[in-house]
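Each chain gets a letter, A, B and so on, in the order its sequence line appears, and its residues count up from 1. As a basis for the values below, the full set of heavy atoms in this structure was taken, side chains included, without hydrogen atoms, waters or symmetry mates.
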Amino acid sequence: MYRYIVRRVLISVPLLIGISLITFGVINMAPGGPIGISSDLNPKATAEYRERLKAYYGLDRPIYVRYGQWLGRMAVLDFGDSFSPDGRKVWDKIRERIPVTLSINLLSMATIFLIAVPIGIYSAVRKGSLFDRIATVTVFTGFAVPTFWLALLLMILFGVHLGWLPISGLVSLEHDSLPLAGRVADRAKHLVLPIFLAGFGGLAGISRYMRSNMLEVIRQDYVATARAKGLPERKVVFRHAMRNALLPVITILGLSVPDLLGGSVIFETIFAIPGMGQLFYQGVMSRDYPLIMGILTIGAFLTLLGNILADVGYALADPRINTGRTG
Amino acid sequence: MTERLLDVRSLRVAFETEQGTVRALFGVSFSVAPGETVGLVGESGCGKTVTALSILRLLPSPPSKVEGGEILLRGENLLPLPEKRMCDVRGKAISMIFQEPMSSLNPVLTVGEQVAEVFTAHGVCGKREAAERAVAWLRKVRMPDASLRAREYPHQMSGGMRQRAMIAMALALSPSLVIADEPTTALDVTIQAQIMALLQEMREQERMAVLLITHDLGVVHDFADRTAIMYLGRIVEIAPTRDLFADPIHPYTQGLLASLPGKQPGMKRLPSIPGTVPDLSAVPPGCPFADRCPFRQAAFARFRSGEAPADSLEICDREDPPLFEYAPGHLAACHYQRAARGEAR
Ligand SMILES: Nc1ncnc2c1ncn2[C@@H]1O[C@H](COP(=O)(O)OP(=O)(O)O)[C@@H](O)[C@H]1O
Ligand SMILES: [Mg+2]
């Protein structure tokens, strides 16, 4: 098992370098550049001024030299400085966004799995029942409704008409003057809608996926064997069927790892949340190459990590997969 | 024959499918006495597995539906029992060995856990003792290195070993009836013989009755006290095995036995009889075997050629023949035989 993990990690290194090479190339080939923003529309910007700017950002050197420099810095985990006027470290800019995005995504993902898995299982066990039919209709509505539109509707309902929930930001103005319990409640209220909406689409997908897994497993011979032993239906479902139906979910969980730090531009804009999505959007619009590369590299890293976690998790959970446990 | 452990009476089962109702059992009746082995023989698709699963009420419903009949276990009808009482019957009074040892064990539980579960499910003993008893049973069915093997998963075992585990599971609570649904069909020939020998030995040790489903006439010849021949969801002939092999009455049985080379008991598969099994969803009225029946064809040919003034077996196309007792315990469902030799009784 350890050997297997070490091998997977070693393979990931060249993969990560390959991915960064391609993204670096694509970003630099994209039209426009960091210089354009401050000089294109500026009548006073002379050709000489542009050259000075380019030299200042290091853009006068050939792309392979720049990539080499970037890679050299990455080797010591230095993401470089942002091209934006504040010129702050890329890592600092990313780091301050992580808590917000991570907590929203973690909570919404937990909500998705805690709700969708039982719904899927129950729908499969009671296939064709009223519950199953209601769940099916809801799920397809969930797929079909654009979430940004739903977000606006819910904001109007809960924020404006009912006045139960705040509609923007992460905390209220008076947050800092509240006692601890009040601060927690305040934050929670701000997060309800974003978390619900971030989870909405996933909820539909995972519950359907779980339902079809479970239906597949319930037809298996070994489920009939379990029943033939005289096990009550509850045990047949939870001990024999569910374990098998949950195995593929491990893969999905692993593949969701990169989403933990991925922000949605649309949600963050609607709810005025200062998250990763907003940061990335700003970075792209101003062609802030170091910032873009930083965020994309973290994404690529998390994707590879998620894949390894998924495979290792699966191997631990499914005795049929032999990864050389003994070796 | 007077004392009946299991008594299946006019069992009719159908499946509601998207293409309409598919009838699988058309009034199946037979009984099993305590300690007796009854063979149930028939071509693939004739309804053997459906019969077995119906007895344990393991057919998923929907799509399946019991349209009529009774299944009596020591006189008590199982069909109306609440699910909870049925769980007590399964595994304890009646247990089952399935056809596919490769897919009948749960891949994520160890074999020992799966055998032990039979004890805990019926509240026989606690977990620890159940695990010990499971190993003891694995040893009893001659699983090599039983205590080690108990901790292995099904995929680490051969088909024969898995079937041994299935047998251990089925026998663990010494049920009065074991239903073995083609227990050796999926196995290699040499393993088949070992598994049958094991079943034979266990049957004698535990004094249990066996409903032995197979399509291997050699197997029933060697193991069954009585044999039922199934065709298209019906039992067309049932008799003490010796009588059935000596004097088959139904033309289908006659065909099966005639094509057994030398009639020697061996590992011979069901021989082919001319014609094909009709589709169950569109069964015409009359005797289900009529289109393949030599008696029916001969009578029709005589009529067509003018040799006979009337079609003497026209009834075969109209009426499904009922079972008729030709000799003590020897029943068959055939209009021709009834006319030819049956009226005496
Ligand atoms: N789930 C099902 N849905 C529809 N028809 C079924 C189903 N299971 C069995 N049948 C029907 O019952 C017939 C008998 O099947 P089965 O008892 O499995 O045959 P066998 O004698 O080979 O064990 C099949 O030919 C099939 O038409
Ligand atoms: Mg079968």
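The interface of residues 115-139 of chain A with chain B, defined by heavy-atom distances below 4.5 Å, is empty. The interface of residues 113-123 of chain B with chain A, defined by heavy-atom distances below 4.5 Å, comprises B/Glu113, B/Gln114, B/Glu117, B/Val118, B/Ala121, B/His122. By a heavy-atom distance cut of under 4.5 Å, A/Asn244, A/Leu247 are the residues of residues 244-252 of chain A near chain B, going up by number.
In this structure, A/Thr225 contributes its side chain and B/Ser104 its backbone to a donor-acceptor pair below 3.5 Å.
Contacts between B/Met166 and chain A at a heavy-atom distance below 4.5 Å involve the side chain alone, from C-beta outward. Proximity to chain A is limited to the side chain of B/Leu109, based on heavy atoms less than 4.5 angstrom apart.
Pairs engaging residues 211-253 of chain A under the ring pair (Phe, Tyr, Trp, His ring centres under 6.0 Å) rule: none recorded [sequence neighbours left out].
The greatest number of non-hydrogen atom pairs below 4.5 Å with chain A, out of B/Thr110, B/Leu58, B/Leu53, B/Leu173, is found for B/Leu58. Interface remark: of the candidates B/Ser95, B/Pro107, B/Ala172, B/Gly91, B/Pro107 forms the most heavy-atom pairs closer than 4.5 Å to chain A. When each of A/Ala226, A/Ala224, A/Ala241 is checked for heavy-atom pairs under 4.5 Å with chain B, A/Ala224 comes out on top.
The two residues A/Pro232 and B/Cys87 come nearest to each other via the heavy atoms CA-SG, 4.0 Å.
No more than 12 heavy atoms of other residues, nucleotides or ligands sit less than 6.0 Å from atom CZ of B/Arg85. Counting heavy-atom neighbours within 6.0 Å of B/Leu79 CG, excluding the residue itself, gives a total above 12. In A/Tyr314, the OH atom is crowded: over 12 heavy atoms of neighbouring residues, nucleotides or ligands sit closer than 6.0 Å.
Atoms CZ and CZ, on B/Arg90 and A/Arg227 in that order, are 8.0 Å from each other to the nearest 0.5 Å.
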